[in-house]
Amino acid sequence: MPLFSENGKWVIAAQKFSLDKGVTADAVNSKTAEMIPIDILEKIGNSVTRNVMPEEQFEITKYKLRTERQSLFLQLSAEYKKRDALVLSNYSDYKLKSAIKESQKKIDEIQKKINANLESLKKATEENERKVQLVSEQLSNQTGDSSELSRYKNLFSNIFVKDESLIQQEAVSFYKDDFTSLYSLPEDLKNLSITDPLCEKSIVSAGINTLVTGHFSKYGDYISINVDLYAYPGAKLIGSVVEVGTVQELELINTSIAMQLIPVISNSFPVELQIEIEPQEALNKTMVYIDDVLQHLENGKLIVDSGINTIQFVSDGYKTAATTYNFEGNKKYKIQVSFEKPKSGFLQVGMKKPLNGSILMNGERALEIDGKKSQIAINGKEILGEFIAENGETAFFYIPQKLTFDGSYVIINPKPRDRMAYIDKRRKIMYGSYSLLVISLMPTFYTYANYQNNVNLYKNGQVDYQTAKNWQTATNITRAISIGCALFWGYELVRYLVAANSVLPEKAKAGKLEDFTIVNLDQASVTPAENEETINQNTENKNDGDSE
């Protein structure tokens, strides 16, 4: 039986979802019932690792031993019937005694195997009790706080140190190694509950350790999806998720379901975060959010669930810092936050060649200065800009962060044009030159073949010198034409690649700082609005290597 201990994998499968009452069983809903679990499995992926707890290990061992005992009992029953049937056989006394002795020998062997199985079950039970007791000791070693969070904190801090065999890690894989393969119960079992022993036997026989089941209902443009997660053997419900949204956002709903199921599937442990905040004056007024939920920071430490978490640090008077990271369970992470104060001031942009048009930077229209320069407020971040000519054609540019300081002056050389039309034009010419090259090769090969043939004929005296000379001349001419076509195609290919690369924004160059013009904004026709403050991801994520 393909249990996890035999192949080192924890197999996850999904069933086709069912329709709730009131949902029309048409082709669209039937296809939706298939695609939802497939999409969820795809988003879960096969890079997840499950921590198999002692209880699950014991359930698998019990199931394996129970199946073995059932098989041995059937063999024992058959051997008893065979032995009893020997009495009715027409055997001599000697042959009958010999046959009964041989049958009894087989019965004794089977009984020994059953006794050994029961002894293995006893040892497995004692081992499981020992592990459970060890876990209980870890939980009872706490002082003061007896909350669930504190219990888990103490567990994951010591459990691997005390006994590494308590937890086994298994790589999660898909049923039939294909997330599109949905598991289906045999026809005679489809009306039974998924937790029925007969269904459990069928599921375990298929090598499935976790089964995703679910149902959904639809009302108008809205859909509600209910997902249940069962662990086998044992048919234990280990997780449930309910999500509601519009049908148009079905992929987003499936992503949310998968993200909620991953910690349940991996059976992950909490994570300890050690947070260091600079400068010191920002520490006391810092608020920490985990997935948009405000957290209480105690002694610079936080306990969070493992998995993908988004952490935001907000401090009055400083830029917001944030990071998203996939935290692995039973580990410590050090997060260093360096708050920066918002930068303010103005940057001016000049053009290498005079062009009529307007400039947008970070989505805002820049202030035009005497028709030669434009000015924009800065926030210390790189700037993505766009020059828009009077005919509507555009050219993009960007200003690197090192040039975005108050009083900075940069120069751009925009070349506005319809990029897509230009790229399409160059592509057509490149394809035309390539076609011309291919066509030119045909007379080249033809004349070269005839030239070689006539050379051989001339050596044998079958043609005159002038005929062979004419074919040589024709070969040289067609070859020269082909070479010219090849050069033309190579030239157009380069031009096409340059055109395709022209969609990338031009990098602004530093100008002379003395060219920055001080402007009285009160007299300006357009006042630039301050740029919206963006999230500053200055958070450095470090695993301190002290995984406990």
Side-chain angles (χ1 to χ4, degrees), residues 10-50 172-185 193-195 203 208-232 236-268 289-294 304-312 322-327 329 535:
W10 188 272
V11 179
I12 181 172
Q15 276 188 318
K16 179 180 177 180
F17 283 11
S18 59
L19 311 179
D20 290 341
K21 291 183 179 179
V23 181
T24 306
D26 55 19
V28 174
N29 288 330
S30 178
K31 191 65 176 178
T32 302
E34 292 182 1
M35 294 308 299
I36 291 176
I38 291 175
D39 194 28
I40 291 174
L41 289 184
E42 182 182 12
K43 295 181 186 308
I44 290 175
N46 55 7
S47 60
V48 181
T49 300
R50 180 171 177 83
V172 173
S173 63
F174 295 122
Y175 173 60
K176 295 183 179 179
D177 292 325
D178 184 7
F179 65 85
T180 63
S181 295
L182 297 179
Y183 172 75
S184 179
L185 286 168
S193 170
I194 202 68
T195 58
I203 293 170
I208 296 172
N209 301 106
T210 301
L211 183 65
V212 180
T213 66
H215 56 93
F216 68 91
S217 58
K218 290 170 60 179
Y219 294 96
D221 292 334
Y222 292 88
I223 184 171
S224 174
I225 303 176
N226 296 261
V227 180
D228 292 325
L229 208 61
Y230 289 89
Y232 292 89
K236 181 181 179 182
L237 179 65
I238 59 175
S240 297
V241 176
V242 179
E243 277 291 352
V244 178
T246 63
V247 177
Q248 291 77 12
E249 297 177 342
L250 187 58
E251 184 175 356
L252 183 62
I253 295 174
N254 293 338
T255 300
S256 176
I257 293 174
M259 291 302 101
Q260 295 179 65
L261 291 180
I262 286 176
V264 181
I265 295 172
S266 62
N267 205 14
S268 56
Y289 294 85
I290 305 292
D291 296 328
D292 298 327
V293 178
L294 182 62
V304 301
D305 291 332
S306 59
I308 300 175
N309 291 285
T310 298
I311 306 178
Q312 287 185 316
T323 186
T324 298
Y325 195 77
N326 185 12
F327 295 98
I535 293 178

Donor-acceptor contact present, side-chain Asn226 to main-chain Val242, <3.5 Å: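 No; judged by distance alone, with no hydrogens or angles, the pair does not exist.
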Side-chain donor-acceptor pair present, Gln260, Ser256, cut-off under 3.5 Å: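 Judged by distance alone, the side chains do pair up.
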Rounded to the nearest 0.5 Å, what separation is found between the [atom1] atom of [X] and the [atom2] atom of [Y]?
X	Y	atom1	atom2	answer
Ile253	Ile225	CD1	CD1	5.0 Å
Leu185	Leu211	CG	CG	8.0 Å
Ile208	Ile12	CD1	CD1	10.0 Å
Tyr289	Thr310	OH	OG1	14.5 Å
Ile257	Leu252	CD1	CG	10.0 Å
Ile36	Glu243	CD1	CD	12.0 Å

Do you know the tightest heavy-atom contact between [X] and [Y]?
X	Y	result
Leu41	Ala13	CD1-C, 4.4 Å
Met259	Lys43	CE-O, 4.2 Å
Tyr230	Asp228	CE1-CB, 3.8 Å
Ile194	Ile203	CD1-CD1, 3.9 Å

Intermediate values then yes/no, side chain to side chain contact (heavy atoms under 4.5 Å, CB included), Tyr222 and Thr246: CA-CA 4 Å; Tyr222 292 88; Thr246 63; 3.6 Å; yes
Side chain to side chain, Leu250 and Asp39, heavy atoms closer than 4.5 Å: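 SC-SC contact between Leu250 and Asp39 ruled out.
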Hey, can you pull the donor-acceptor pairs under 3.5 Å for the side chains in residues 15-26, sequence neighbours left out?
| residue | atom | partner | partner atom | Å |
| --- | --- | --- | --- | --- |
| Lys16 | NZ | Ser30 | OG | 3.0 |
| Asp20 | OD1 | His215 | ND1 | 2.7 |
| Asp20 | OD2 | His215 | ND1 | 3.3 |
| Asp26 | OD1 | Val28 | N | 3.4 |
| Asp26 | OD1 | Asn29 | N | 2.8 |
| Asp26 | OD1 | Asn29 | ND2 | 3.2 |

